[in-house]
Chemist: 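Just passing along the structure, written as structure tokens.
Reminder, nothing fancy here: chain letters follow the sequence lines and each chain counts from 1.
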Amino acid sequence: MSFSQSFTSSPLSLTPQRRKSKFTFKHLSQLAASSTACPLRVIAHIDLDAFYAQCEMVRLGLPEDQPLAVQQWQGLIAINYPARKFGLNRHITITEAQKLCPKLICQHVATWKEGDEKWAYNEDAFKEMATRKVSLDPYRTESRKILALVKETLPAVPLQKVEKASIDEVFVDLSAQIHSILLKRYPELDGPPPYDDPTENLPRPSNTALNWDTDALVDLDASETEDDDPDWDDITMLIGSEIVRSVRLAVREKLKYTCSAGVAKNKMLAKLGSGHKKPNAQTIIRNRAVQQFMSGFKFTKIRNLGGKLGDQVVAAFNTDTVQELLEVPLEQLKKRMGDDTGGWLYNVIRGEDYSEVNPRTEIKSMLSAKSFRPTINEFEVGVRWLRIFVADIFSRLVEEGVLENKRRPKTINLHHRQVMQTRSKQAPIPQGKAMSEEMLFELSKTLLAQVVVDGKAWPCANLSLSVGGFEDGITGNKGIGGFLVRGEEAKAMLSNSSEVDYHGAEPPEKRRKIDDGGSNKFLLAREESSRGDSEQEFVGDLGVIEPHVDDPSIPPPSGQRSPPTVDDSENVAAATGLPRSLGIEEVTPLHSAKPNTTLLDQQSIETYLCKRCDAHVPVTEQSEHEDYHFAKDLQNEDRNSSTALRATQSTARPAPPRRGRGRGRPPGSGMVRAEKGQKRLAFG
DNA sequence: CGACCCCCG
DNA sequence: GACGGGGGTCG
């Protein structure tokens, strides 16, 4: 390993009160398996500092102390740290900002305009809000580079677990990697002496003082002192901080970006930690510091409690602090919030979070959107924006490798917002055909026509087009082990070259997805695997680090239990020995994939071309479409007759008769998210 | 599945 | 507030 050892042999000899560690050999194998129940687990959250602003700094090659803000129309969406010293924040106007900081550079984001083949940086884009749309592409590109470097810096796949959490954040489960390092550094841990007894406690770590280097260490809980013997969880945490420091260094040196990080036993704490000290710092929350760290927070800062749920908790218990909520008994939490949410809440404010790091770094959907100020009022105008959205999305699809058939979205989705109402329409993207910009455009027009047809659509305040349901394609090079098996590779080549058309049948060799397996879910404290075999039971052996709740903790919203994690510690252990560069080395495409050519014999949706709006409308909806134009004409007459009237009408007019789906519950009704068995809260 | 909702930065 | 992404439920 390249990072430096953080241990110095101890001059002070501590009294070895306990010969044994709190932790067992079982915990060690859980560590290898990245089990969410492992008390030695180490998770990192890495967060780029003022990311968009840093992107612009790097792109423009500005000196590091240059104050800079990223501008979007009349607002600022990111402010770098040099600028923050002047008291700038995100809710400030540009003129205020420039008054506070005369040297501030306000760099407008890149934009698309109609007819463009690509986004561009444009000096006075902000004057053209009505005709341009923002592009965040430059930031996605940088994000990809950084993510790739992070992955490169970490060991290859079996040991690597990286979750892209947003454009500027990742979670990393360091457990498996740390396990392998642990065995190398402490050979005494390698292989449990009593092979038949995983409950045997580990030997105490050798007597060393831990060198925490420049990391920000969180103050310890009241019951702990720095003089206490370190145990293995301190060691794993320290190794985690070394790894994270080396990752941050690489990002800094090679790509010029600074980031902040949190290292802790779970995602929630890691995330709180990364925000603890910024910029360009990392914070370690040792297990013995968790209570102290948590008690200082408002619980609304905790992931999932920042929104309506958090508000409800505040309302129910009349406090927003972790400290005070800790006094509320479990039963009360359950009574007021429901069993699942209450149980989850009880745990989370005690620093327990069993959610998994979801090893996913690719996006699942992409969206292009625009808010209209002023609103737009005609189908034709909407269609012009659709063309821009499609250009945007298509170019991003190309980057995703859609033309090479690496991945491909299954559905296309249009969201439409009127003043109050928001409606969306979705359609499958015909498979078996080559993806094309034109096809997406036609689909999107059809969707807009549908929206327009089935209810009042104007004035429209927002449109967004997205594609999603990405599926791995035929030439995918991201098999389970990061490679294709030989036989499969040949098949892949064959099927790729022959312009696949499955005619609805099961595609051959359906790509195994890197199973998200319920993903993000908040795992249980204990997994009572219904068949109570010993294959995988968890902590609690010695009452150490025991989950606090007597019953499963589930997510705030909608619990969905992940299945007990498979114990592949053997595989991992086997893997750790090897040098192993058998990862996801990007295999170059099998052949210089000329984009698929369109098949002519494809059965396509029968449409007619509306001469009034150029939309291809399914014949089955022709009459409705004509109705739409009829309604629109009436509307226009209406508008022309009195502008003043319209202004009042827009709020005073009774709700249109709703066809299709109604909107869920009334907003603000104080309902906890639709959750099975969830009760309505009393306070509303 | 399609439509809608919630949470996050 | 604008834009872009994640997750989930319900019928």
Side-chain angles (χ1 to χ4, degrees), chain A residues 45 47-48 50-52 70-78 90-93 108-112 126 129 132-137 139-140 143 163-169 171 271 274-275 300-312 355 358 360 362-373 389 392-393 396 410-417 421-428 447 450-451 454-455 461-470 516 518-522 555-560 658-667 669 671-678:
Chain A
H45 180 255
D47 190 347
L48 277 294
F51 182 52
Y52 293 179
V70 177
Q71 180 182 353
Q72 181 177 284
W73 311 134
Q74 302 303 329
L76 300 178
I77 56 172
R90 254 184 299 131
H91 297 119
I92 204 173
T93 71
H108 198 281
V109 297
T111 55
W112 289 82
F126 67 97
M129 186 167 76
R132 311 182 80 108
K133 92 166 287 304
V134 162
S135 170
L136 302 180
D137 237 37
Y139 312 137
R140 285 187 207 102
S143 178
E163 174 179 339
K164 176 172 175 152
S166 78
I167 197 168
D168 69 343
E169 293 171 69
F171 285 101
K271 167 118 200 192
S274 68
T300 51
K301 300 296 178 194
I302 297 173
R303 213 162 56 116
N304 288 318
L305 288 171
K308 298 193 174 186
L309 179 59
D311 290 346
Q312 288 171 2
S355 57
N358 191 344
R360 179 191 49 76
E362 293 184 319
I363 61 163
K364 300 189 142 187
S365 68
M366 60 178 69
L367 170 151
S368 189
K370 170 84 182 168
S371 290
F372 303 115
R373 289 197 341 251
F389 295 162
D392 179 17
I393 285 177
R396 285 152 65 184
K410 285 205 307 284
T411 61
I412 182 167
N413 195 310
L414 182 79
H415 277 257
H416 171 282
R417 197 178 79 229
Q421 261 138 192
T422 154
R423 263 176 299 174
S424 67
K425 293 289 176 189
Q426 184 176 331
L447 292 175
Q450 284 173 23
V451 167
D454 78 18
N462 182 283
L463 274 182
S464 77
L465 187 71
S466 63
V467 294
F470 277 84
D516 289 339
S519 69
N520 144 23
K521 279 341 82 198
F522 310 66
S558 91
Q560 184 187 77
R658 302 245 2 137
R659 316 185 4 200
R661 295 287 130 327
R663 305 217 343 158
R665 17 179 180 295
S669 68
M671 175 91 105
V672 175
R673 250 176 305 301
E675 179 172 334
K676 207 168 60 176
Q678 179 65 52

Chemist: Could you go step by step and tell me if A/D137 and A/S135 meet the side-chain hydrogen bond (donor to acceptor under 3.5 Å, both in side chains) rule?
Modeler: CA-CA 5 Å; A/D137 237 37; A/S135 170; 4.5 Å; no

Chemist: Heavy atoms under 4.0 Å, any strand shown: does A/I167 hit a base, just sugar-phosphate, or nothing?
Modeler: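 Nothing, no heavy atom under 4.0 Å.
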
Chemist: To the nearest 0.5 Å, what is the distance between CG on A/L48 and OH on A/Y139?
Modeler: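 It comes to 13.0 Å.
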
Chemist: Please determine, for the side chain of A/Q426, which listed nucleotide (B/dG2, B/dC4, B/dG9) has the closest atom?
Modeler: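 Output: B/dG2.
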
Chemist: From CZ of A/F126 over to P of C/dC3, roughly how many Å is that when rounded to an integer?
Modeler: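 Roughly 17 Å, once rounded to whole Å.
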
Chemist: I need the NZ-P distance between A/K364 and B/dC8, as an integer number of Å.
Modeler: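 Rounded to whole Å, this separation is 18 Å.
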
Chemist: A/K425 has a side chain; which of B/dA3, C/dG6, C/dG4 sits nearest to it?
Modeler: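 Side chain of A/K425 sits closest to B/dA3.
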
Chemist: Within the structure shown, what part of the strands sits under 4.0 Å from A/G307 by heavy-atom distance: base, sugar-phosphate, or nothing?
Modeler: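 The answer is sugar-phosphate, as A/G307 gets under 4.0 Å only of primed atoms, P, OP1 or OP2.
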
Chemist: With respect to the side chain of A/K133, which nucleotide from B/dC7, C/dG4, B/dG2 is positioned closest?
Modeler: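 Selected nucleotide (nearest to the side chain): C/dG4.
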
Chemist: Side-chain N or O of A/S466 less than 4.0 angstrom from OP1 or OP2 on C/dG5?
Modeler: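 For C/dG5, OP1/OP2 do not have a side-chain N/O of A/S466 under 4.0 Å.
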
Chemist: Rounded to the nearest Å, what distance is computed from the CG atom of residue A/L447 to the P atom of nucleotide B/dC4?
Modeler: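 My rounded result for the distance is 13 Å.
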
Chemist: Taking only residues two or more places apart in sequence or in another chain, which ones pass salt bridge (Lys or Arg N to Asp or Glu O under 4.0 Å) with A/R132?
Modeler: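 Checked A/R132 against salt bridge (Lys or Arg N to Asp or Glu O under 4.0 Å); matches are A/E128.
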
Chemist: As a test of reading the structure: which of B/dC4, C/dG4, C/dG6 is closest to the side chain of A/S424, going by heavy atoms?
Modeler: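 Of all the options, the side chain of A/S424 is nearest to B/dC4.
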
Chemist: At less than 4.0 Å, is any side-chain N or O atom of A/R90 found next to OP1 or OP2 of C/dG1? Yes or no.
Modeler: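 The answer is no; no side-chain N or O of A/R90 sits under 4.0 Å from OP1 or OP2.
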
Chemist: With a 4.0 Å cutoff (strictly under), does any side-chain N or O of A/R140 reach OP1 or OP2 of C/dG4?
Modeler: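 Checking A/R140 against C/dG4: at least one side-chain N or O falls below 4.0 Å of OP1 or OP2.
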
Chemist: Is there a donor-acceptor contact under 3.5 Å linking the side chains of A/E169 and A/H45?
Modeler: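 Their side chains do contain a donor-acceptor pair, which is all the 3.5 Å distance test asks for.
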
Chemist: I want to check something: taking the side chain as every heavy atom from C-beta on, are A/I92 and A/L76 in contact at a cut-off of under 4.5 Å?
Modeler: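 Answer yes - side chains close enough.
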
Chemist: Looking only at side-chain atoms of A/M366, point me to the closest of C/dG7, B/dC8, C/dG5.
Modeler: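 Nearest nucleotide to the side chain: C/dG5.
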
Chemist: Both A/F372 and A/K164 contact DNA chain C. Which one's nearest nucleotide lies toward the 5' end?
Modeler: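 Residue closer to the 5' terminus by nearest nucleotide: A/F372.
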
Chemist: Could you work out, with side chain to side chain contact (heavy atoms under 4.5 Å, CB included) as the rule, every residue matching A/S371, not counting sequence neighbours?
Modeler: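 Residues passing side chain to side chain contact (heavy atoms under 4.5 Å, CB included) with A/S371: A/N462.
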
Chemist: Starting at CG of A/L367 and ending at P of C/dC3, how long is that distance when rounded to a whole Å?
Modeler: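 Between P of C/dC3 and CG of A/L367: 10 Å.
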
Chemist: Of the options B/dG9, C/dC3, C/dG6, whose atoms approach the side-chain atoms of A/I363 most closely?
Modeler: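 Out of B/dG9, C/dC3, C/dG6, the nucleotide with an atom closest to A/I363's side chain is C/dG6.
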
Chemist: The side chain of A/T422 lies closest to which of these nucleotides: B/dC7, C/dG4, B/dC5?
Modeler: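 Selected nucleotide: B/dC5.
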
Chemist: Separation of A/I412 atom CD1 from B/dG2 atom C1', in whole Å?
Modeler: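 Rounded to whole Å, this separation is 14 Å.
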
Chemist: Take atom CG of A/N413 and atom P of C/dG5, then tell me their distance rounded to the nearest Å.
Modeler: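 To the nearest whole Å, that distance equals 13 Å.
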
Chemist: Contact class for A/S166 (heavy atom, under 4.0 Å): base, sugar-phosphate, or nothing?
Modeler: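 Contact class for A/S166: none.
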
Chemist: Give A/E169 one of three labels, base, sugar-phosphate or nothing, depending on what nucleic acid heavy atoms sit under 4.0 Å from its own.
Modeler: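 Sugar-phosphate: the residue A/E169, judged by heavy atoms under 4.0 Å, touches backbone atoms but no base.
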
Chemist: Within this structure, what is the CZ-to-C1' distance between A/F51 and C/dC3, rounded to whole angstrom?
Modeler: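 That distance rounds to 15 Å.
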
Chemist: Given atom CG of A/L309 and atom P of B/dC8, what is their separation to the nearest angstrom?
Modeler: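 In whole Å, B/dC8 P lies 9 Å from A/L309 CG.
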
Chemist: Would you indicate which nucleotide in B/dC4, B/dC8, C/dG4 comes nearest to any side-chain atom of A/K271?
Modeler: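 Minimum distance to the A/K271 side chain belongs to B/dC8.
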
Chemist: Using a cut-off of 4.0 Å on non-hydrogen atoms, how would the nucleic acid contact of A/S464 be classed: base, sugar-phosphate, or nothing?
Modeler: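 No contact.
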
Chemist: Is A/R396 near enough to C/dG5 that one of its side-chain N or O atoms lies under 4.0 angstrom from OP1 or OP2?
Modeler: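 It does, given that an N or O in the side chain of A/R396 lies less than 4.0 Å from OP1 or OP2 of C/dG5.
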
